[in-house]
Amino acid sequence: MTDANKTNNPAESLPKNYEHQEVEPRWVKAWEELGVHRYRPDSAAAKAGKTYAIDTPPPYVSAAHLHTGHAMSYSQAEFVVRFKRMRGYEIYYPMGFDDNGLPTERYVEQKYKIQKGKITRKDFVDLCLKETREGAAVYEQLWRALGLSVDWRMTYSTIQPRAVHNSQQSFLDLVAKGRMERREDPILWCPACATSLAQADVESGDEQNRPMHAVRFDVDPSTATADSPQSGKIETTRPELVPACVALACHPSDKRFAQLKTIRFRVPLTNLRANEAGEAGDPGDFRTIPLVFDETVDPEFGTGLMMVCTFGDPEDIAKWRKHQLETVLILDPQGRIVTPNLPTLHNKRVHVQAKGSQLYSEARLAAVELLREHAYLEGIADNVSRASLHERCSTPVEIQVAPQWFIRLLDLKEPLLARGRELNWYPEFMRERYEQWVENLRWDWNISRQRFYGVPFPVWFCNGCDEPIFADLDQLPIDPTMTACSKACPKCGSRDSRPEPDVMDTWMTSSLTPLINSNWAMWNDKDPESLPIQDQPRPEIYPAGVRVQAHEIIRTWLFYTVAKGHLHTESLPWKDVMISGWGLDRQGKKMSKRAGNFVDPAEVIGKYGADSLRYWSAGATLGNDLRYLEEDVKGGRRLLTKLWNSTRFALMYLADWQPGQVAETPTAADLWVRGKLQQCVADATTGFEHYEYNRSLRASELFFWGDWCDNYLEIVKDRFKDGTRFGAGEVEAGRQTLLWGTWTLLRLFAPILPFITEELYNRTIKGFLGDKAPASLHIAPWPQSESGEIDVFGAPATAEAMTNGQTLLDLIAAVRAARTAGKIGGGRPLQVIHVRGDINNLKGFSAVQLDWLAGSRAEGFDQQQPEGAEWLMIGASGVELAIVPAPQEPAPQA
RNA sequence: AGGCGCGUAGCUCAGGGGUUAGAGCACCACGUUGACAUCGUGGGGGUCGGCGGUUCAAAUCCGCCCGCGCCUACCA
């Protein structure tokens with residue numbers, strides 16, 4: 001407390017101003033020391049089966065992109081955690097960091113401007129680890145400053161040995177269950193990252209002009225019939241793939257082609273020979289391809305003929321499979337065209353943009369040039385469509401053929417949809433996104449990545465027969481590139497083997513977070529003996545109580561986690577899922593580092609306090625995005641100030657007082673505000689119970705500002721003045737109302753505003769609670785139990801008390817309006833209030849009289865109707881009033 | 001193209017069959033009051049995107065349309 005804050009006010013234990021810069025860091029430290037956020041598996045609550053585990057996203061460690069949107073979603077999750085803790089649950093709230101796989105690699109590549117292949121695996125991994133540690137530290141600092149009530153003894157990171165162990169264990173379990181397959185298949189491939197991908201790693205790009213090229217395919221004369229055309233025309237956006245063409249396709253009922261079942265087409269350019277400088281070879285050198293009939297071809301599109309190549313898109317794969325076409329691969333892993341016979345096309349990259357703004361690859365330019373030169377090109381037309389992009393680097397996705405590990409999922413759509421229906425979604429409508437994703441699955445989950453920073457597969461391959469040789473469980477975690485295989489090939493007995501060089505998809509680990517939590521997060525690295533390591537999921541922690549995450553990763557994190565839960569444990573991984581939205585900028589665009597429209601949460605916390613930032617976060621409705629507006633954060637600070645001042649006010653009249661020395665006789669105002677508060681508690685509780693923190697906060701705010709501060713405090717003031725017309729029992733009732741009302745309000749706001757409420761609790765209420773006072777507000781009991789009882793102010797208010805209260809508010813509002821009309825300030829006492837009309841229309845008038853006069857600063861009222869009085873209606877009662885101010889004290893004259 | 005969400009005061013958003021549709025910010029006027037000027041009191045401001053339907057009653061439910069956002073699919 002500074003001298004400037006000292007005051008002669010009776011409430012001297014509270015400084016005049018609230019200083020979040022001083023208070024918040026102090027409580028961060030104190031909570032740690034008090035162990036308020038610690039998980040205690042042996043607590044009474046835990047033993048009673050009331051454990052609440054929460055699974056929040058392990059953020060990527062590329063911490064430089066932290067913005068208020070991140071702070072928002074983690075705050076929203078934590079509101080519920082604090083509520084549940086006060087509700088008496090044993091909270092299991094660990095924090096993880098995702099420092100694994102491609103996202104980290106991309107981050108490191110960009111930061112250090114390096115590429116795969118130009119740095120040793122070890123150096124690269126070391127850089128990743130370094131960034132990982134630094135990133136985690138930045139996150140932890142922010143999360144602590146934000147007041148997240150994480151048990152910081154329980155952290156995991158996805159590259160730590162135990163997470164690697166877990167991922168490899170997951171792999172082996174799926175091998176044992178027959179879910180894991182090794183297949184050489186066409187797969188989604190990112191040529192920039194030079195790795196295969198899963199369907200979930202692909203997103204669709206913006207609409208762009210991707211010109212349509214008309215290309216002529218000549219009919220091979222030896223297959224032509226008398227009435228067949230001499231050529232067919234196809235249209236394609238991928239002319240560079242013409243040399244990889246393996247068939248033309250048409251609809252089976254298309255009359256134009258129905259008679260041409262035996263016809264073959266010459267693939268353009270395939271007769272050219274490099275050693276003759278691109279000159280044409282013998283016509284017999286053309287590669288020829290069949291015409292196939294396929295229902296998926298739209299006869300109305302273009303010429304009704306469609307080119308099938310290996311491979312341009314998933315449609316090609318489908319037709320290639322169905323019609324058992326040959327395979328012609330002309331794309332290498334880096335996305336370069338491999339066509340030695342076409343030197344001007346050979347080695348050209350498919351996805352290097354030509355100069356200028358349009359996406360137009362150098363390979364495409366070269367191919368168009370060749371087709372034009374050899375007169376196959378019959379036109380180019382504008383065409384708008386979207387490309388499928390790798391979501392980590394925005395490079396258009398290609399298709400490669402390579403052996404990969406797949407988790408077979410396509411046959412599980414039904415059970416996975418059933419899991420989605422079993423899960424409680426908050427909000428409910430988000431379930432639809434999950435359903436759609438599962439219904440639209442087209443690929444099994446490819447978990448192989450041709451990268452080097454990730455979880456290794458616990459697998460070697462026999463050099464004799466290529467059979468995979470799996471590590472044993474007790475060898476995990478293991479890196480086969482570092483440890484030689486100790487076993488002979490189970491198929492051929494050979495002892496000669498090579499390691500699997502690929503690493504796992506990062507989601508292979510992230511999808512296990514509920515299992516990591518239940519198994520290994522308790523394992524304290526610094527003191528492995530401190531808590532038991534358990535092999536099996538603990539039922540109180542798995543399935544967890546809730547998963548909290550944003551909507552855009554329903555198809556990835558949520559889907560994969562549900563799938564893993566289904567496969568490993570035949571259960572859901574959690575009971576509930578709460579979906580949060582995005583933090584948007586003022587214009588409504590998603591905040592991101594790339595867009596440069598982000599606000600640094602640390603700055604906001606420094607300026608306005610974590611509570612104010614949390615207040616803003618609580619403004620979102622469930623599942624909806626929220627714009628970041630500094631005005632709203634200021635609104636939070638405004639609430640803090642009001643809370644501080646109103647509590648200070650209450651304390652003023654509670655100093656040196658112990659409740660219960662005098663029997664209380666509550667006035668109409670007491671009864672009314674107590675009833676209002678009970679209703680507010682019920683509303684705030686219902687909100688939190690449905691994860692609707694926003695409803696809860698608004699209910700509390702509405703009561704606090706509108707009923708408590710604006711009305712009750714104004715009415716009760718008078719009781720503590722010298723010469724008050726209220727008796728000792730009424731004064732006692734006022735004090736009781738102030739005490740228990742403040743106590744309740746602090747608890748209602750505690751989950752959203754943990755710092756200021758904790759500070760106020762400790763400086764005020766705690767002293768009144770005696771020996772049983774909780775050490776922290778955040779382990780104090782929530783004012784309404786799960787069975788519905790509200791533990792404040794006894795029995796619910798009567799209907800009469802609430803009706804009387806409304807009359808009281810109407811009367812006071814009318815006086816206030818009269819003051820404004822007469823330009824009479826609220827501080828100036830009134831000599832008398834005249835009332836005219838049938839006073840019986842004011843229900844409970846006699847009961848509220850004293851509170852009314854007290855709240856109006858009036859000496860009394862009468863029913864005279866003097867000339868010239870200005871009458872104002874009281875509510876809708878038909879009764880009117882007029883005010884007469886006390887004489888002005890003459891202003892001191894100079 | 002399909003699905004989901006949204007469209008309410010100048011701005012940002014609640015509300016989601018039942019009095020006269022709300023809040024915060026902004027705006028106007030008044031007022032410095034023994035908690036609070038980081039404030040209080042009072043006030044102005046809305047055809048609830050459009051059209052049609054159901055109903056005693058529609059911002060709310062249904063249908064169609066328009067605009068925006070997102071998710072998914074896609075014209076080869």
Side-chain angles (χ1 to χ4, degrees), chain A residues 7-11 14 16-18 199 203-204 210 212 234-238 241 248-249 296-298 300-309 312-316 319 383-386 388 427 429-442 551-552 554-555 581-582 584 586 588-590 619-621 623-632 634-653 694-695 698 701-702 705-706 709-710 713-714 717 720-722 738 812-813 815-829 857 876:
Chain A
T7 163
N8 295 323
N9 197 298
L14 273 191
K16 180 157 169 57
N17 295 319
Y18 173 62
Q199 187 177 346
E203 63 181 12
S204 79
R210 303 172 70 222
M212 193 71 83
I234 59 97
E235 294 194 324
T236 180
T237 57
R238 304 289 309 268
L241 292 181
L248 297 190
T296 63
V297 180
D298 177 4
E300 303 298 316
F301 189 92
T303 59
L305 271 183
M306 179 179 176
M307 157 176 117
V308 182
C309 45
D313 61 28
E315 276 306 302
D316 287 340
K319 293 186 181 62
N383 168 58
V384 172
S385 73
R386 299 165 185 276
S388 293
F429 68 81
M430 284 293 178
R431 185 198 311 272
E432 200 59 36
R433 298 226 187 162
Y434 173 87
E435 297 238 342
Q436 261 190 346
W437 176 254
V438 175
E439 280 164 5
N440 282 315
L441 272 182
R442 298 176 66 171
H551 48 64
E552 87 277 14
I554 287 174
R555 67 178 198 172
W582 289 337
L584 308 178
R586 185 174 287 276
K589 296 266 180 248
K590 187 186 179 188
T621 44
N624 285 318
D625 301 341
L626 181 65
R627 287 180 207 229
Y628 178 78
L629 301 172
E630 193 168 355
E631 302 93 280
D632 290 346
K634 285 181 181 166
R637 188 177 59 177
R638 202 168 142 260
L639 176 59
L640 301 190
T641 303
K642 194 75 174 174
L643 203 51
W644 185 261
N645 287 325
S646 65
T647 307
R648 213 166 132 253
F649 169 84
L651 191 63
M652 253 170 60
Y653 302 114
N694 164 284
R695 275 177 190 257
R698 275 186 313 107
E701 254 188 311
L702 195 68
W705 218 289
C709 292
D710 290 349
L713 296 189
E714 293 301 328
K717 262 177 199 179
F720 306 109
K721 286 180 181 160
D722 292 339
L738 286 176
I812 288 175
V815 172
R816 285 171 175 168
R819 280 179 183 272
T820 296
K823 301 191 180 183
I824 300 157
R828 190 166 161 199
R857 297 195 179 207

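Just so it is clear: chains get the letters A, B, ... in the order the sequence lines come, proteins before strands, and each one is counted from 1.
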Any strand counts, and the cut-off is 3.5 Å on both contacts for Watson-Crick or G-U wobble. Which nucleotide pairs with [N]?
| N | answer |
| --- | --- |
| rA23(B) | rU12(B) |
| rC48(B) | none |
| rC6(B) | rG67(B) |
| rU38(B) | none |

If the [atom1] atom of [N] is compared with that of [M], how far apart are they to the nearest Å?
| N | M | atom1 | result |
| --- | --- | --- | --- |
| rG17(B) | rC25(B) | P | 29 Å |
| rG5(B) | rG44(B) | C1' | 34 Å |
| rC28(B) | rU19(B) | C1' | 29 Å |
| rG40(B) | rG3(B) | P | 48 Å |
| rA37(B) | rG22(B) | P | 30 Å |
| rA35(B) | rC68(B) | C1' | 46 Å |
| rG16(B) | rC61(B) | P | 10 Å |
| rC48(B) | rU20(B) | P | 15 Å |

Starting at [atom1] of [X] and ending at [atom2] of [N], how long is that distance when rounded to a whole Å?
| X | N | atom1 | atom2 | result |
| --- | --- | --- | --- | --- |
| Glu235(A) | rC75(B) | CD | P | 14 Å |
| Arg627(A) | rG24(B) | CZ | C1' | 15 Å |
| Leu738(A) | rG34(B) | CG | P | 18 Å |
| Arg698(A) | rA23(B) | CZ | C1' | 8 Å |
| Leu629(A) | rC25(B) | CG | P | 13 Å |
| Leu626(A) | rC6(B) | CG | C1' | 15 Å |
| Glu701(A) | rG24(B) | CD | C1' | 8 Å |
| His551(A) | rC70(B) | NE2 | P | 10 Å |

State whether Lys319(A) and Glu315(A) are salt-bridged, where the test is any N-O pair (Lys NZ or Arg NE/NH1/NH2 against Asp/Glu carboxylate O) under 4.0 Å.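 Judged by the 4.0 Å cut-off on N to carboxylate O distance, Lys319(A) and Glu315(A) do form a salt bridge.
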
Are Lys642(A) and Glu701(A) within salt-bridge range, i.e. N to O under 4.0 Å?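 So Lys642(A) does not pair with Glu701(A) through a salt bridge.
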
May I ask you to say what [X] touches in the nucleic acid, namely base, sugar-phosphate or nothing, with a heavy-atom cut-off under 4.0 Å?
| X | result |
| --- | --- |
| Met212(A) | sugar-phosphate |
| Gly826(A) | base |
| Val308(A) | nothing |
| Asp710(A) | sugar-phosphate |
| Arg695(A) | sugar-phosphate |
| Arg816(A) | sugar-phosphate |
| Trp437(A) | sugar-phosphate |
| Thr621(A) | sugar-phosphate |
| Thr237(A) | sugar-phosphate |
| Arg828(A) | nothing |
| Asn383(A) | sugar-phosphate |
| Gly827(A) | base |
| Met307(A) | sugar-phosphate |
| Lys642(A) | base |

Hey, is the side chain of [X] poking within less than 4.0 Å of OP1 or OP2 on [N], counting only N and O atoms?
| X | N | value |
| --- | --- | --- |
| Tyr653(A) | rA35(B) | yes |
| Lys717(A) | rA35(B) | yes |
| Arg857(A) | rU33(B) | no |
| Arg433(A) | rG5(B) | no |
| Arg819(A) | rU41(B) | no |

Nearest to the side chain of [X], which nucleotide is it out of [options]?
| X | options | value |
| --- | --- | --- |
| Phe429(A) | rG5(B), rA35(B), rU38(B) | rG5(B) |
| Gln436(A) | rA73(B), rG3(B), rA35(B) | rG3(B) |
| Met652(A) | rU72(B), rA35(B), rC25(B) | rA35(B) |
| Lys16(A) | rG16(B), rC30(B), rC36(B) | rC36(B) |
| Phe649(A) | rA35(B), rG42(B), rG2(B) | rA35(B) |
| Glu714(A) | rG40(B), rA35(B), rC4(B) | rA35(B) |
| Thr641(A) | rG15(B), rU38(B), rG34(B) | rU38(B) |
| Thr820(A) | rA35(B), rA73(B), rG42(B) | rG42(B) |
| Asn645(A) | rU12(B), rC36(B), rC71(B) | rC36(B) |

Which label fits Phe720(A) and Tyr653(A): parallel for a plane angle under 30°, tilted from 30 to 60°, or perpendicular past 60°?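 It falls in the parallel class, under 30°.
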
Count the heavy atoms belonging to other residues, nucleotides or ligands that lie under 6.0 Å from NZ of Lys721(A), then report whether that count exceeds 12.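 Yes, enclosed.
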
Looking only at heavy atoms, what is the nearest atom pair of Asp625(A) and Leu584(A), with distance?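 Nearest heavy atoms, Asp625(A) then Leu584(A): CB-CD1, 3.6 Å.
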
Using atom types as modelled and distance alone, determine if a side-chain donor or acceptor of [X] lies under 3.5 Å from a backbone N or O of [Y].
| X | Y | answer |
| --- | --- | --- |
| Asn383(A) | Arg210(A) | yes |
| Asp632(A) | Gly635(A) | no |
| Asn645(A) | Thr641(A) | yes |

Please assess Gln199(A) against Trp437(A) for the test side-chain contact (heavy atoms from CB on, under 4.5 Å), listing each intermediate value before the final yes or no. CA-CA 10 Å; Gln199(A) 187 177 346; Trp437(A) 176 254; 3.8 Å; yes

Are Arg698(A) and Arg695(A) side-chain neighbours, meaning at least one heavy-atom pair lies under 4.5 Å?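 Counting from C-beta outward, Arg698(A) and Arg695(A) do come under 4.5 Å.
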
